Protein chains: 2
Amino acid sequence: MRRQLNPSEAPPTSRPLYVQVKELMTRRIIDGAWTPGMALPSEFTLAEQFGVSQGTVRKALDALSGENIVVRFQGRGTFVAAHDPHDTLFHFFHLVGTDGARPRVESRLLSCRRGKANREELRNLGLPAGATVIRIRRVRLLDGADAIHELISVPAELFDDLDRQTIPNELYSLYQARYGVTVSRAIEHLRAVGADAEDVKAIGVDMQAPLLEIDRRAISLDGRAIEWRLSRCDTRLHRYQSEVV
Amino acid sequence: MRRQLNPSEAPPTSRPLYVQVKELMTRRIIDGAWTPGMALPSEFTLAEQFGVSQGTVRKALDALSGENIVVRFQGRGTFVAAHDPHDTLFHFFHLVGTDGARPRVESRLLSCRRGKANREELRNLGLPAGATVIRIRRVRLLDGADAIHELISVPAELFDDLDRQTIPNELYSLYQARYGVTVSRAIEHLRAVGADAEDVKAIGVDMQAPLLEIDRRAISLDGRAIEWRLSRCDTRLHRYQSEVV
DNA sequence: TAGTGGTCTAGACCACGAC
DNA sequence: TCGTGGTCTAGACCACTAC
């Protein structure tokens with residue numbers, strides 16, 4: 001039997017020490033004991049706290065760093081990743097200009113209301129029937145021109161007063177700063193669709209013009225789906241870029 | 001000054017030992033000294049050969065493993081990644097059914113000819129003016145139905161007799177097995193377009209029907225662009241799936 | 001049983017940033 | 001100058017595979 005850090009709550013299968021350390025540290029971030037931007041204790045201090053060697057802590061930190069949960073700087077220390085609006089925007093925003101350059105992105109709010117979740121929202125957000133969501137509808141401008149018609153749904157339970165906030169261009173920093181919810185990854189499904197009447201009104205394309213629809217579920221650090229977003233994009237001047245390794 | 005494995009050809013900036021070991025091993029694969037499917041020497045043997053510790057070799061192998069260049073099995077050994085047709089297909093093929101399931105993929109060849117590279121092909125493949133390319137045009141079927149109109153261009157210099165081969169459903173295994181060219185990553189640009197007359201003839205969609213266009217440049221182990229592929233996809237029954245971490 | 005990769009430890013030195 | 005993370009080594013033990 002492999003060594004366990006917390007025998008009391010040990011899972012049925014034993015996992016490597018560094019994985020356990022990684023999970024304990026992730027838990028501290030989820031629970032808010034370590035907050036975004038905060039400096040973590042040094043590797044040696046953590047090793048002492050967890051009762052493992054410095055090399056094991058390092059392996060855990062390297063894993064967290066690979067998932068963008070912490071950032072490390074030689075000579076300075078290790079910090080909980082903070083969602084800087086600009087960096088976060090482009091971490092999850094994959095449209096680039098025809099020349100490959102990042103566009104300037106702005107937003108124009110169309111509406112922000114709460115309502116009873118429909119079937120798709122229940123499924124995409126993993127909510128119980130009858131749950132309330134907050135819906136944001138907006139237009140996003142790329143390099144100054146209307147280009148994306150965006151529909152966002154989030155559970156009202158997690159973001160209680162979001163409908164009374166000023167909606168910023170980059171939402172994930174707000175989710176983190178005001179509601180303590182960190183988006184760690186996202187699953188996107190893309191398809192081509194014809195513009196509908198709403199799209200025509202929102203971004204001024206022709207009826208049935210080909211649009212790239214991005215269906216995104218954003219997942220938080222603890223694995224819950226915390227946002228569902230539908231972005232319908234005019235791709236005459238921009239492309240969705242994806243690198244496959 | 002950091003220790004260098006090959007002082008004679010040392011680059012201006014010194015890099016970590018494990019990076020140098022990784023590059024030496026990658027070079028052995030590119031040069032064909034280690035071929036796909038072959039078992040590498042054990043970590044201790046490699047450490048002795050390179051004159052470094054086993055831990056350093058391990059770090060290099062872990063990096064190669066992370067890039068899918070080698071695969072490791074506890075108790076069996078480390079092997080050069082071989083492009084198994086089925087696995088490779090889905091490594092680079094991101095269309096899934098509406099339910100998230102992998103579709104059955106087949107191909108119907110329309111044409112395969114050589115010709116003088118046009119301007120776009122020169123740019124996308126990094127070829128000198130006047131270079132010859134081999135062009136493949138085909139339809140791909142998802143779950144039995146015509147769904148993708150695909151145009152593929154590769155440098156004739158690298159794939160000399162490709163136009164006299166039977167074109168398989170999964171090309172990258174052929175590139176590797178017959179021409180010694182391993183695709184290690186790809187860069188894709190997606191946009192929505194309206195079906196043109198060629199698309200209509202090829203996959204039977206309506207004129208101007210919205211299609212998802214995937215523009216892919218495949219990059220080989222040594223960093224050269226070795227294939228340019230344009231896939232125009234009917235996304236009424238399938239989605240392009242992308243996970244952002 | 002022998003050999004492989006996977007984990008864990010302990011300790012050394014280096015590169016970098018803050019002071 | 002000190003403390004941080006980054007690299008490198010050496011050695012121990014474990015888990016798995018093949019024989």
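Letters A, B, ... are given to chains in the order of the sequence lines, protein chains preceding strands, and every chain is numbered from 1. Note that the coordinates shown come from a computational prediction; the quantities given were computed from them, not determined experimentally.
Residue A:F73 is the one, among B:V19 and A:F73, whose nearest nucleotide of DNA chain D lies closer to the 5' end (criterion: closest heavy atom).
Residues B:L46 and B:M25 approach most closely at CD1-SD, 4.2 Å, considering heavy atoms. Here the closest heavy-atom approach between residue B:E121 and residue B:S153 is recorded as OE2-OG, 2.6 Å.
The phosphate of C:dG5 (OP1 or OP2) has a side-chain N or O of B:T78 nearer than 4.0 angstrom. Between B:Y18 and the phosphate of D:dC8, there is no side-chain N or O to OP1/OP2 separation shorter than 4.0 Å. The phosphate of D:dT9 (OP1 or OP2) has a side-chain N or O of B:T56 nearer than 4.0 angstrom. One finds a side-chain N or O of A:R72 lying less than 4.0 angstrom from the OP1 or OP2 phosphate oxygen of D:dG6.
Atom CD of B:E48 has 12 or fewer neighbouring heavy atoms from other residues, nucleotides or ligands inside a 6.0 Å radius. Dense packing is recorded around CZ of B:R28, with more than 12 heavy atoms of other residues, nucleotides or ligands lying under 6.0 Å away.
Summarising the geometry, the separation between CZ on A:R15 and C1' on C:dG6 is reported as 16 Å, rounded to the nearest angstrom. The distance between atom CD of B:Q54 and atom P of D:dT7, rounded to the nearest whole Å, is 17 Å. For A:F44 and C:dA12, the CZ to C1' distance is 10 Å, given to the nearest whole Å. Rounded to whole Å, the distance from CZ on A:F50 to P on C:dT7 is 19 Å. Between the CD atom of A:E48 and the C1' atom of C:dA10 there is a distance of 15 Å, rounded to whole Å.
Of all nucleotides listed (D:dT9, C:dC8, D:dG6), C:dC8 comes nearest to the side chain of A:P16. In the set D:dT9, D:dG5, C:dT9, D:dT9 carries the atom at the smallest distance from any side-chain atom of B:S53. Here the side chain of A:E43 is nearest to one of C:dG6, C:dC8, D:dG6, namely D:dG6.
A salt bridge links A:D161 and A:R178; the closest N-O separation between the charged side-chain nitrogens and carboxylate oxygens is under 4.0 Å.
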Start with the C-alpha gap between B:R72 and B:D62, add the side-chain angles, then the distance that decides, and say whether side-chain contact (heavy atoms from CB on, under 4.5 Å) holds. CA-CA 9 Å; B:R72 320 192 71 196; B:D62 282 346; 3.0 Å; yes

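Of the residues in residues 58-66 of chain A, those placing a heavy atom less than 4.0 Å from an atom of DNA chain D are A:R58, in numerical order.
Ring planes of B:Y175 and B:F159: tilted class, angle from 30 to 60°. Using bins of under 30°, 30° to 60° and over 60° for the plane-to-plane angle, the ring pair A:H94/A:Y240 lands in the perpendicular bin.
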Pairs: protein N or O with nucleotides 17-19 of chain C N or O, under 3.5 Å:
none

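Legend: residues meeting side chain to side chain contact (heavy atoms under 4.5 Å, CB included) with B:F73, ordered by chain and number and at least two apart, are B:V71, B:R76, B:F79.
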